[in-house]
Trainee: 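Have a look at this one.
Count residues from 1 along the sequence.
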Amino acid sequence: MKLLKPLVGAAAIAALPTLGLAQDGPVAGVNAATDTVFILNSLLFLVGGFLVFFMAAGFAMLEAGLVRGKNVTMQLTKNMALFSLATIFYYLIGYNLMYPLGTWSVEGVLSGVFGPGVLEAVGVTAADADDYGYASTGSDFFFQLMFCAATASIVSGALAERIKLWPFLAFTVVLTSIIYPIQASWKWGGGFLDTMGFLDFAGSTVVHSVGGWAALVGALILGPRIGKYKDGRTIPMPGSNLTLATLGTFILWMGWFGFNGGSQLAMGTVGDVADVSRIFSNTNAAAAGGALVALILTQLLYKKPDLTMILNGALAGLVSITAEPLTPSLGVATLIGGVGGVIVVFAVPFLDKLKIDDVVGAIPVHLFAGIWGTIAVVFTNPDASLGTQLYSILVVGLFTIVASGVVWMILKMTVGIRVGEEEEITGLDKSEMGMEAYPEFSNG
């Protein structure tokens, strides 16, 4: 994702055809060509934003399919609630904390703009628009909000089947209003990482690894599910509905076109539109590469293909290409995604050996593949520096680990974050929600 709002140059505007778009009267500096840029850029944000919004459904279906039947209602409730909380708290705190627009209380580190986000007036004229040369404030806010909410969704699946609802939602509030916006400002808000030359087009680090780090710390503090690791063995706990999990993966795959394509942040020139189409194609190729590699590897390693690995392989491919979906060729994009598939197949059992219980594989997909994708930028973008990429991964990782760890520990020591043993065995749908997703199949 490019820095802030890249203004469209006068030459590009002059090159656009003059369209007979309605104006609010003769205003100095206002013309139809600039209207066109404003409209098309805003449209890209809005279309990209509602594609990323649909990823919320993808996360919900993926998680509902990969948890056991006795915990499905809890996962669906968490996904509805976390998106709603992200919407409110990103508006109240996060948006201005993430985009200081050059106003810093600590230069390049902490925004000096505090308070709720403010949209343009109803029926705003070209003369009064916040950034007439670029896009509407509402479209920008809407698009950025979706990325914030996606970060919280990553944490939900990893900690499934044993975490209490309200402590998880309390963590979501802090993550979406403070943790995510602060580190995102370091890159996308023009902070010190951006000044150093850190490149992360759509968020392999800024979004995905942050969600992955927060999930990893939470999983370590929360501990594994009862019975998951016994006598040195990992006990399989199959999900309730692989049909839903597959549906969720395809929804996420589709939403990623908005995630990466919208991060071009401009659609007012031929070059911008061509770049968006290139991003779509590379994004799709990386997902396919990740899925196919996972398919082949699981066949070779386990003598049968593993659908859950294939699903996560596709997602890891998508995460891997997110840091730089523009500059690779289709072949290289496929290879970058394929490495993501390799990462998933080997990282899932590696975490089990460490007794880190990640129910849906979110940590390998979003953290490990996010790190890989951020490093892979140097292979196709000549402006990238390996040292800067690694330094930025380290800085964002340490910040997220410390900040998340503090929040998780405070919650653990005060209200507690884990349900009781009896409640966990019974299932969170009955014990925490009092409502089952599949009541006709219950033992009662």
Side-chain angles (χ1 to χ4, degrees), residues 54-80 82-83 150 152-163 165 168 208 211-212 214-216 218-219 222 224-229 234-253 255-256 287 290-291 294-295 298 302 304-319 340-341 343-345 347-352 356-369 419 424 427-429 432-433 436-438 441:
F54 201 41
M55 291 175 73
F59 279 115
M61 293 301 96
L62 179 67
E63 294 172 24
L66 293 182
V67 301
R68 289 171 290 180
K70 62 184 180 180
N71 297 307
V72 173
T73 299
M74 170 64 94
Q75 286 308 111
L76 299 176
T77 302
K78 284 162 61 181
N79 276 274
M80 286 294 296
L82 72 84
F83 188 89
S153 296
I154 294 167
V155 183
S156 172
L159 308 183
E161 301 201 325
R162 74 271 201 202
I163 194 168
L165 175 63
F168 169 78
H208 294 284
L216 175 60
L222 191 62
R225 288 167 289 175
I226 296 172
K228 178 64 178 176
Y229 305 112
T234 299
I235 308 302
M237 294 182 172
S240 63
N241 193 324
L242 292 183
T243 304
L244 281 184
T246 304
L247 173 63
T249 301
F250 273 117
I251 291 173
L252 288 167
W253 190 328
W256 233 286
L295 168 66
T298 53
Y302 309 127
K304 293 181 181 179
D306 185 325
L307 176 59
T308 61
M309 289 288 195
I310 296 167
L311 300 179
N312 277 330
L315 297 177
L318 290 162
V319 172
I343 289 170
V344 161
V345 171
V348 169
F350 173 71
L351 287 179
D352 282 331
I356 299 173
D357 188 10
D358 176 358
V359 177
V360 303
I363 296 168
V365 167
H366 298 279
L367 175 55
F368 295 170
V419 300
E424 183 177 340
L428 275 59
D429 286 4
E432 286 276 289
M433 305 301 301
E436 297 177 85
Y438 307 112
F441 296 109

Trainee: To the nearest 0.5 Å, how far apart are CG in L82 and CD1 in I154?
Mentor: 10.5 Å
Trainee: Can you name the closest pair of heavy atoms from A294 and G313 and give their distance?
Mentor: CB-CA, 4.1 Å
Trainee: Should L252 and M55 count as side-chain neighbours, where that means a heavy-atom distance under 4.5 Å?
Mentor: yes
Trainee: Which heavy-atom pair separates A316 from G340 by the least distance, and what is that distance?
Mentor: CB-O, 3.3 Å
Trainee: Do D358 and V360 touch side chain to side chain, with heavy atoms closer than 4.5 Å?
Mentor: yes
Trainee: Step through the shown structure and confirm whether more than 12 heavy atoms of other residues, nucleotides or ligands are within 6.0 Å of CE on M80.
Mentor: no
Trainee: Would you indicate whether the side-chain heavy atoms of L242 and L66 approach each other to under 4.5 Å?
Mentor: yes
Trainee: Please answer whether the main-chain N or O of A64 pairs with a side-chain N or O of S240 as donor and acceptor at a distance below 3.5 Å.
Mentor: yes
Trainee: Please round to the nearest 0.5 Å and tell me the distance separating atom CG of L367 and atom CD1 of I343.
Mentor: 10.0 Å
Trainee: Find out whether S156 and E63 are in side-chain contact, i.e. whether some heavy atom of one side chain is under 4.5 Å from a heavy atom of the other.
Mentor: yes
Trainee: Would you check if the side chain of D352 reaches a backbone N or O of T234 as a donor-acceptor pair within less than 3.5 Å?
Mentor: no
Trainee: Counting only heavy atoms not in F250 (residues, nucleotides, ligands), do more than 12 fall under 6.0 Å from its CZ?
Mentor: no
Trainee: What is the minimum heavy-atom distance between A214 and V155, and which atoms define it?
Mentor: CB-CG2, 3.9 Å
Trainee: What pair of heavy atoms forms the shortest contact from P349 to Y302, and how long is it?
Mentor: CG-OH, 4.3 Å
Trainee: Would you compute the distance between atom CG of L62 and atom CD of Q75 and round it to the nearest 0.5 angstrom?
Mentor: 10.0 Å
Trainee: Do side-chain atoms of Y229 reach the backbone of I356 as a donor and acceptor pair under 3.5 angstrom?
Mentor: yes
Trainee: Under 3.5 Å, side chain of D357 to main-chain N/O of A219, donor-acceptor pair present?
Mentor: no
Trainee: Between atom CG of L307 and atom CG of N312, what is the distance when rounded to the nearest 0.5 Å?
Mentor: 9.5 Å
Trainee: Can you confirm whether L165 sits close enough to K78 that some side-chain heavy atom of one is under 4.5 Å from a side-chain heavy atom of the other?
Mentor: yes
Trainee: For side chain to side chain contact (heavy atoms under 4.5 Å, CB included), just list the numbers for W256 and V319, CA-CA rounded to whole Å, side-chain angles, deciding distance to a tenth of an Å, and then say yes or no.
Mentor: CA-CA 9 Å; W256 233 286; V319 172; 3.7 Å; yes
Trainee: Whether E161 and R68 form a salt bridge (side-chain N of Lys/Arg under 4.0 Å from carboxylate O of Asp/Glu) is what I want to check.
Mentor: yes
Trainee: On a heavy-atom basis, which atom in A60 and which in L76 lie closest, and how many Å separate them?
Mentor: O-CD2, 3.9 Å
Trainee: For a side chain to side chain contact (heavy atoms under 4.5 Å, CB included) check, start with the C-alpha distance between R162 and V359, then their side-chain angles and the critical distance, and finish with the verdict.
Mentor: CA-CA 10 Å; R162 74 271 201 202; V359 177; 3.6 Å; yes
Trainee: Could you go through the side chain to side chain contact (heavy atoms under 4.5 Å, CB included) check for M61 and L244 one step at a time?
Mentor: CA-CA 5 Å; M61 293 301 96; L244 281 184; 3.7 Å; yes
Trainee: Can you tell me how far the OG1 atom of T73 sits from the CD atom of E436, to the nearest 0.5 Å?
Mentor: 7.5 Å
Trainee: Distance check, rounded to the nearest 0.5 Å: T77 atom OG1 versus F168 atom CZ?
Mentor: 11.5 Å
